[in-house]
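As structure tokens, the structure follows; a few thoughts come after it.
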Amino acid sequence: MKELNYSYYPGCSLHASAGEYDLSTRELFKALRIGLTEIPDWFCCGATPAHNVDELLSLSLCAKNLELADKVEGDMAVACASCFSRLKTAQHVLGESDVKRKQVEKAIDAPVKLDSNVKHLLEILAKDLGLERLAAAVNKPLSGLKVACYYGCLLTRPADVPNLDCAEAPTIMERVIEAAGAETVAWTHRLECCGANFTLSRPGVVLQLTNAILESAKAAGADCIMVGCPLCHGNLDIRQKEIEGVYSTSYGLPVFYLTQLVGLSVGLGADKLGLDAMMVNPMPLLKEKGFL
Amino acid sequence: MKKKKMVISQETMDVDFVRKVEALSGTSVRRCFQCGKCSAGCPMATFMEHPPNRVVRLLQLGQWQRVLAGRSIWYCASCETCTTRCPNKVDLASIMDALRKLSWDAEGASKESYVQLANKLFLQNIRTYGRQYEMRLAAVFNVKSGQFLKDLMLGPKLLAKGKLKMFHSKNKNMPEIEKIFTRIEEMRKKGEAL
Amino acid sequence: MSRIGVFICHCGENISRTVDVERVAAEIGKLSGVAFATDYKYMCSDPGQNLLKKAIQEQKLTHVVVAACSPRMHEKTFRKAVEAAGLNPFLCEMANIREHCSWVHENREEATVKAIDIVSMMVERVKKNRILPGITVPVTKRSLVIGGGIAGIQAALDIADCGHEVILVEREPSIGGHMAQLSETFPTLDCSQCIMTPKMVDVANHPKIKLYTYSEIELVEGYIGNFQVTIKKKARSVDEDKCTGCGVCMTKCPQKKIPNKFDQNIGMRTAIYVPFPQAVPNTPVIDRDNCTWFKTGKCGVCKKVCGPGAVDFEQQDTLVVEAVGAIVVATGFDLYSIDEKPKGSPIKGYGEFGHGKIPDVIDGMTFERLASASGPTGGKILRPSDGKEPKQIVFIQCVGSRAREKGISYCSKVCCMYTAKHTMLYHHKVHDGQAYVFFMDARTPGKSYDEFWRRSIEEEEAVYIRGMVSRLYQKGDKIVVMGSDIAVGVQVEIETDMVVLATAVQPQKGADLLAQKLGISYDKYNFYSEAHAKLRPVECATAGIYLAGACQGPKDIPETVSQASAAAAKVMTLFSKDKLEREPIVARVREAGCVGCFACKKVCAYGAVEEKEIRDRQGNLIKVVAYVNPGVCAGCGTCQATCPSKCVELDGYTDEQIIAMIEAL
Amino acid sequence: MHPEKTKHDFEPKIIAFVCTWCTYAGADLAGTSRMQYPSNVRVLKFPCTGRIDPVFILKAFQQGADGVLVSGCHPGDCHYIAGNFHARRRFAAFRKLLEFIGVDLNRLQFSWVSAAEGGKWVEVVTDLTEKVRAMGPMVEFKELALEEQWSGAIDTPELKEAYDAI
């Protein structure tokens, strides 16, 4: 079996508000014997704000990061859906437009490298490692846990860019977490937008959108939500109390990163998954289901 | 907003501006045949005075002033739902990006201070530190936007959970990042890029 | 030595006003080979033509050049006159000194010089002209019609009614096609089966029509007037001659739960079946994939109960060869499937509409079966999921059509009208129900069509919403429709019981494979291409093959029937003569030089180039050379310009002739 | 409109290769509409541009043509389905060859003129005539032809002797 080694691009959030995503990713990959080398001195991809107002800057930042990643062996593993989307979009746009590629090459003063493989963690687990090997590594199956997989916007959209899975009816998250022994629920809002970066500038909008998502997950009978994006996590987890207050309701839905749940199934302890960093306390649920 | 009569002539249709939008976004506004699917699925459409399809319609007529005077572009969440579902490959999300970019220099564009401020601070952070520091971003945003108490209750909780880093780490690529910013500024000055 | 006669026409004053015709005649008379040169006021008049004929005989002319108007005008006239005087018509050429000279130049000197040049060119050319014998091709006066839908049925009946034999081949066990599936038809709301089934019976009873159902085209050889078609008759497992159509086998078959394709898989059928009660022929077929006997070797109930002993488990596929002179292709259409993206389909799929996973989201054809009195619900509109009557129903137009990014950019043409019809049928059957239609544009060009659409809104109270739907999702037993109304500029949300998608009309699956067998061309969507979009809309570029119905592009019933009759008329034109005559401007291969590279075959748009084996007297193969079938060649000459060894020649436009013209300058 | 007839020192010889269905008919239309154009052009009719062998163009230049025009149906309108596409591909390659042997490509023009475009025919012919007139006579091939003649002439005693000895 070929050894799996990746260059790791955590993205800014994983070094800050999404520390538990970073921690659980490193621990899970260690447990699965997948090599992960953090790209030295990577910097911000520009995320949504950059392409929102300055596409050239956004493309240049991504192109520079792709160049940095090129120096580390292995495909590029990306945890954050936003970084993933930006890097993939940059590859796509620069591959299609000669004009923009030339502009970016001038901005970064280096040739643009487009051949490196940018992969989201989900892709690595589901395709490179494979669901069979993942299932074989599971020693504490998450039996009886009903998970609502939340894709959000950027993992699959637009149709021909990330190519992670079908843009409208993706199943990759479900397949991964079912391999870990959990059940998944069919729910209506798994692809709806949470408001993402409006969390800073327009929290009112975010509350409205996020409430609809939580409501839908709850109505589908989910015990918890699983995400692959720190922005989604921020809006669903950190703001959950606030939403409950504004809409006078109660959800109590823990929001896990995919690496936390998968990590749990391969036997990693709470300390290695950063479960204590979650705003909605998952402990009661996990104890009730007998996972801890 | 009072609705002014739209006088259409070759003079009032600003094709040059629309061409710029098309060049920046890499998509054609003429392809749109106004099916309205973008507006149907837009999570933010209820907040916009011009729903997405009408933004494209106004561009088709060269009436960009009407688009930029409104807030629609500042309410787009870049979720790409419109682009994904468009039957005609009109990349509306990129058109929105282009419009926000062009609104910087355009006369009469609405100044959607909060979103613009957040974006600006975000980019400044990259230029100064190479990476984002959410604590700093939020704090500066609150100070600059005058909402000192916004999300005040979240701060200590996040700190307790280790979610807000107080200090930034050194990034060896800082000079390189600065160069990227300055080179792009120079290119724009010379008119080599939009 | 040739004796060329040159006749220069004044065309009244049209030519002589600017061209000094006497001088031209004098100059041309000096050219070698020219035996006679004269000018005359009106060459095309009777006296003019008589002058020409007389000169040919008296002067013993071998070739003729008429310098007058454009050959597009009078070439036929003069060639006829030349033929009447006993010369081969292709030894006469025209020099155009009117349209290309006297009418476009004012300077008399310049025009005269140019006229001399033009006539000299034609003199040099005509010296190299050869006698070209006329080409005749025998015609077999039988026709093949492929496809037994309304298009094929109409074409077959029209041809057969004119007294010519027709072979009608249908892939399914019964003829009838999609029209037999429809409930009522726009814009008159007459019942489809009521107007369709009598025609089906006519086909079955027509003495001139030979019907092959459950059969497919295996191979097509030959050319216009002379095709050999190999047809595969698939094993029916029931002897058609013995079967009386009593239907006992079907009532006794224990396999009763097989989804019936004819009912869009909503209704069920048995393993031995006819697709629908009015099927023609009324002979059942055993579906071997689902039959217990064929799966396990046990059962055999049908065989036991069949009185006439028609059930035959041992039956094999058989091949039949038929000789025909013309082929009408009428293979019709298929609807884009709303299920998971089918392999090879140009449409990327509609995940936002659930990929066909929400049971009460159906397509238009399924709605037809629900609304049909002979359908699985007996004509009641009921939800497939729980059999309840939907009180709210949403129709969505342009699913797959007019969506170049999601697959196909063309308009499917019939959806606007059939959806208007659906809203009416729905309102007639569910009086307290409400229909909503999401649409972009209503396309209703047709007799009484727009009135019909307006009626659905004004009288049947369907609510039309201009705007598309972004997403559908199941919420309890309702379906939530997220749409927009672009006229108002707001998002629209409807909780409905049922959704009907007007899915795109596409060519039949395998349309490309059939086209390859027939040697006809097709577009990127696999619709068959007509020879000329405006002037030859029912003919293929391949001579002797005609198109009818939706295999050429989306069409409604009136248009399909018109085109079918038009195709039949074209077949009748072909059959009106015993032999097919055509202009002998065709390519010819010099076999001695041909190296068999077949570059000519690759560029020939008509498939006229064949491979021919050259053998010595002992029968040993010496080489394979190209052979141009004069019956098929259209005379464009592309092969000649392409041939690297210069071994193809287009009669009438040989290199010799053209070089002679250039050298005359 | 009757343009002033001006005398030119040099009248170029233009040969046009056209297809019978579109451009020939277009030229006919120019005639029936009594449009005026320079009389320098000589038209050769082909069934289809697909029939036009590049050798004809070379031959035309060799025979003293100063400019050559090739014109057929618009792309997609070919009477013979795709003959004009074959022609286009062939001439795209041929142009490179002409360029290589040193022919000024401005002397060779390709265009699409439909049966309805009498005006366009006039325009194309007039433009080409003016352009070639400005370029002057095409000497290259004519010189070549002269050279051939010269080398073929038996004009020295040595040659004559050798010739007689055969």
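Throughout, protein chains are lettered first and strands after them, A, B, ... in sequence-line order, and every chain is numbered starting at 1.
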With respect to chain A, which residue among B:Ser94, B:Cys82, B:Pro43, B:Gly41 yields the maximal number of heavy-atom pairs within a distance under 4.5 Å? B:Pro43
Note: vs chain B, highest number of non-hydrogen pairs under 4.5 angstrom among A:Lys241, A:Glu20, A:Lys102 is A:Glu20
Using atom types as modelled and distance alone, determine if a side-chain donor or acceptor of A:Tyr9 lies under 3.5 Å from a backbone N or O of A:Ala69. no
Between A:Thr48, A:Thr156, A:Asp109, A:Val93, which residue shows the highest count of heavy-atom pairs closer than 4.5 Å to chain B? A:Asp109
Are B:Lys101 and B:Asp97 within salt-bridge range, i.e. N to O under 4.0 Å? no
Walk me through it: do B:Thr81 and A:Leu191 pass the test side-chain contact (heavy atoms from CB on, under 4.5 Å)? CA-CA 9 Å; B:Thr81 309; A:Leu191 290 163; over 6 Å; no
Select one option (side chain, backbone, both, neither) describing which atoms of A:Lys106 are under 4.5 Å from chain B's heavy atoms. both
Mind ranking A:Leu209, A:Leu154, A:Val205 by heavy-atom pairs under 4.5 Å with chain B and telling me who comes out on top? A:Val205
Run the numbers on B:Trp64 and B:Lys20 for side-chain contact (heavy atoms from CB on, under 4.5 Å), then give the verdict. CA-CA 11 Å; B:Trp64 58 269; B:Lys20 266 191 218 165; over 6 Å; no
Main-chain N/O of A:Thr25 paired to A:Tyr257 side chain as donor or acceptor, under 3.5 Å: no
Check for a donor-acceptor pair, side chain of A:His189 on one end and backbone N or O of A:Leu214 on the other, with a separation under 3.5 Å. no
Interface moiety of A:Leu68 toward chain B, non-hydrogen atoms closer than 4.5 Å: side chain
Could you tell me which portion of B:Ala98 (side chain, backbone, both or neither) has an atom closer than 4.5 angstrom to a non-hydrogen atom of chain A? neither
Using non-hydrogen atoms only, which part of B:Ser25 is less than 4.5 Å away from chain A: side chain, backbone, both, or neither? backbone
Identify which of B:Leu123, B:Asn125, B:Leu99 forms the greatest number of heavy-atom pairs closer than 4.5 Å to chain A. B:Leu123
Could you tell me whether the side chains of A:Arg239 and A:Thr199 share a donor-acceptor contact shorter than 3.5 Å? yes
With a 4.5 angstrom heavy-atom cut-off, could you sort out which part of B:Cys76 is near chain A: side chain, backbone, both or neither? backbone
Test: B:Glu80 and A:Lys88 ion pair at under 4.0 Å: no
Do you know which of B:Cys79, B:Ala23, B:Gly130 has the most heavy-atom pairs under 4.5 Å to chain A? B:Cys79
Does any backbone or side-chain atom of A:Ser13 lie under 4.5 Å from a heavy atom of chain B? Answer side chain, backbone, both or neither. both
Would A:Arg101 and A:Glu105 pass as an ion pair if we require N to O under 4.0 Å? yes
Chain A: which of B:Lys179, B:Arg85, B:Met96 shares the most heavy-atom pairs with it under 4.5 Å? B:Arg85
Within the supplied structure, the quantity of interest is the number of heavy atoms (other residues, nucleotides, ligands) at a distance under 6.0 Å from B:Arg188 CZ; does it exceed 12? yes
Check the pair B:Arg57, B:Gln60 against side-chain hydrogen bond (donor to acceptor under 3.5 Å, both in side chains), reporting the backbone distance first and the verdict last. CA-CA 5 Å; B:Arg57 180 70 196 136; B:Gln60 286 177 336; 2.7 Å; yes
Heavy-atom pairs under 4.5 Å with chain B, option from A:Lys100, A:Glu192, A:Arg157 with the top count: A:Arg157
Toward chain A, the part of B:Met44 with a non-hydrogen atom under 4.5 Å: side chain
Relative to each other, are the rings of A:Tyr150 and A:Trp187 parallel, tilted or perpendicular (30° and 60° limits)? tilted
Tell me yes or no: between the side chains of A:Tyr8 and A:Asp22, is some donor less than 3.5 Å from an acceptor? yes
Honestly, the part of B:Glu186 sitting under 4.5 Å from a heavy atom of chain A is neither
Is it the side chain or the backbone of B:Ile126 that comes within 4.5 Å of chain A heavy atoms, both, or neither? side chain
Pick from A:Gly11, A:Cys153, A:Pro158: which one has the most heavy-atom pairs with chain B under 4.5 Å? A:Pro158
With a 4.5 Å heavy-atom cut-off (strictly below), which parts of residues 270-280 of chain A touch chain B? List them by number. A:Asp276, A:Ala277, A:Met278, A:Met279
Leading residue by heavy atom contact count with chain B [cutoff under 4.5 Å; candidates A:Glu55, A:Glu168, A:Gln208, A:Glu242]: A:Glu168
Residues B:Arg100 and A:Asn52: side-chain donor-acceptor under 3.5 angstrom: yes
Any idea which heavy atoms bring A:Leu56 and B:Ala193 closest together, and the distance? CD2-CB, 3.7 Å
